[in-house]
Amino acid sequence: MSQNVPKKQACFPIRVVMEMTNLTARQIRYYEEQGLIKPKRNEGNQRMFSLEDVERFHLIRSYIEKGVNIAGIKAILATSESEETKRD
DNA sequence: TTTCTTACA
DNA sequence: TGTAAGGA
């Protein structure tokens, strides 16, 4: 069994994210392509999804299920991120 | 074996 | 959104 040696942060391949978000690889790659999320890339050019990325996919998925399109989600995500840094 | 990109339906 | 081809 391959044990976990000192890991930096938890990142998962697209196949794990698919299970966690219940999305298809197509959707995950497509949403990222649309700028809904920006996962990191490893040496193999593979997407490295962290917990934060998975959580954001949950939000994206909820909007898709609500009937929101990419443009709408982009606006919502942009607003949410702005709210975080906006406080006044 | 798994993931990636591009393209078409 | 699903699937195919070709490559890493």
Side-chain angles (χ1 to χ4, degrees):
Chain A
M1 309 172 177
S2 310
Q3 274 312 312
N4 308 331
V5 189
K7 285 229 171 129
K8 260 170 178 231
Q9 52 183 1
C11 283
F12 324 95
I14 194 167
R15 71 120 59 209
V16 176
V17 180
M18 276 198 278
E19 300 283 285
M20 295 176 93
T21 63
N22 206 325
L23 289 167
T24 67
R26 225 328 187 171
Q27 287 173 287
I28 295 170
R29 293 183 184 127
Y30 183 66
Y31 302 149
E32 186 224 24
E33 194 174 41
Q34 302 309 298
L36 268 41
I37 193 165
K38 296 89 65 178
K40 298 189 169 333
R41 286 317 245 271
N42 68 4
E43 281 296 309
N45 204 47
Q46 308 280 109
R47 290 177 179 74
M48 303 256 76
F49 299 97
S50 61
L51 262 23
E52 305 275 312
D53 297 318
V54 176
E55 291 184 73
R56 180 164 300 195
F57 272 127
H58 275 116
L59 294 178
I60 296 170
R61 207 240 308 192
S62 64
Y63 295 131
I64 293 289
E65 293 182 81
K66 291 176 196 291
V68 185
N69 45 266
I70 302 298
I73 299 174
K74 284 174 67 175
I76 296 168
L77 258 44
T79 303
S80 300
E81 292 179 348
S82 297
E83 290 291 292
E84 290 180 56
T85 183
K86 185 182 68 178
R87 193 169 303 100
D88 187 57

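Each chain gets a letter, A, B and so on, in the order its sequence line appears, and its residues count up from 1.
- A:D53 pairs with exactly one of A:V17, A:I28, A:I37 by the side-chain contact (heavy atoms from CB on, under 4.5 Å) rule, that one being A:I37.
- A:S80 is linked by a side-chain hydrogen bond (donor to acceptor under 3.5 Å, both in side chains) to nothing, counting only residues two or more places apart in sequence or in another chain.
- Taking every heavy atom of residues 16-23 of chain A and every atom of DNA chain B, no pair lies under 4.0 Å.
- By the side-chain contact (heavy atoms from CB on, under 4.5 Å) test, A:A25 is found to be paired with A:I14, A:M18, A:R29, residues two or more places apart in sequence or in another chain being considered.
- Sorted by first and then second residue, the salt bridge (Lys or Arg N to Asp or Glu O under 4.0 Å) pairs with a member in residues 39-49 of chain A read A:E32-A:R41, A:E32-A:R47; sequence neighbours excluded.
- When all heavy atoms of A:R56 and A:L36 are compared, the closest pair comes out as CD-O, 3.5 Å.
- Atom CD of A:Q27 and atom P of C:dT3 are 12 Å apart (whole Å).
- Scanning DNA chain C for stems, defined as runs of 3 or more consecutive Watson-Crick or G-U wobble pairs whose donor-acceptor distances all fall under 3.5 Å, gives the following ranges: B:4-9 with C:1-6.
- With sequence neighbours excluded, no residue forms a side-chain hydrogen bond (donor to acceptor under 3.5 Å, both in side chains) with A:S62.
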Quiz prompt | Footprint string (nucleotides 4-9 of chain B, 5' to 3'): B base within contact, S backbone only, - free, heavy atoms under 4.0 Å | solution = SB-BB-
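- Checked against side-chain hydrogen bond (donor to acceptor under 3.5 Å, both in side chains), A:Y31 has the following partners two or more places apart in sequence or in another chain: A:Q27.
- To the nearest 0.5 angstrom, A:I60 atom CD1 is 9.0 Å from A:T21 atom OG1.
- Under the side-chain contact (heavy atoms from CB on, under 4.5 Å) criterion, A:Q46 pairs with A:N42, not counting sequence neighbours.
- Pairs passing the ring pair (Phe, Tyr, Trp, His ring centres under 6.0 Å) check and including a residue from residues 56-78 of chain A, sequence neighbours excluded, read A:F49-A:F57.
- With hydrophobic clusters built from ILVMFWY side chains whose heavy atoms lie under 4.5 angstrom apart, A:I64 shares a cluster with A:V68.
- Sorted by first then second residue, the salt bridge (Lys or Arg N to Asp or Glu O under 4.0 Å) pairs that include residues 61-74 of chain A, not counting sequence neighbours, are A:R61-A:E65.
- Contacts between residues 56-75 of chain A and DNA chain C, defined by a heavy-atom separation below 4.0 Å, involve no residue at all.
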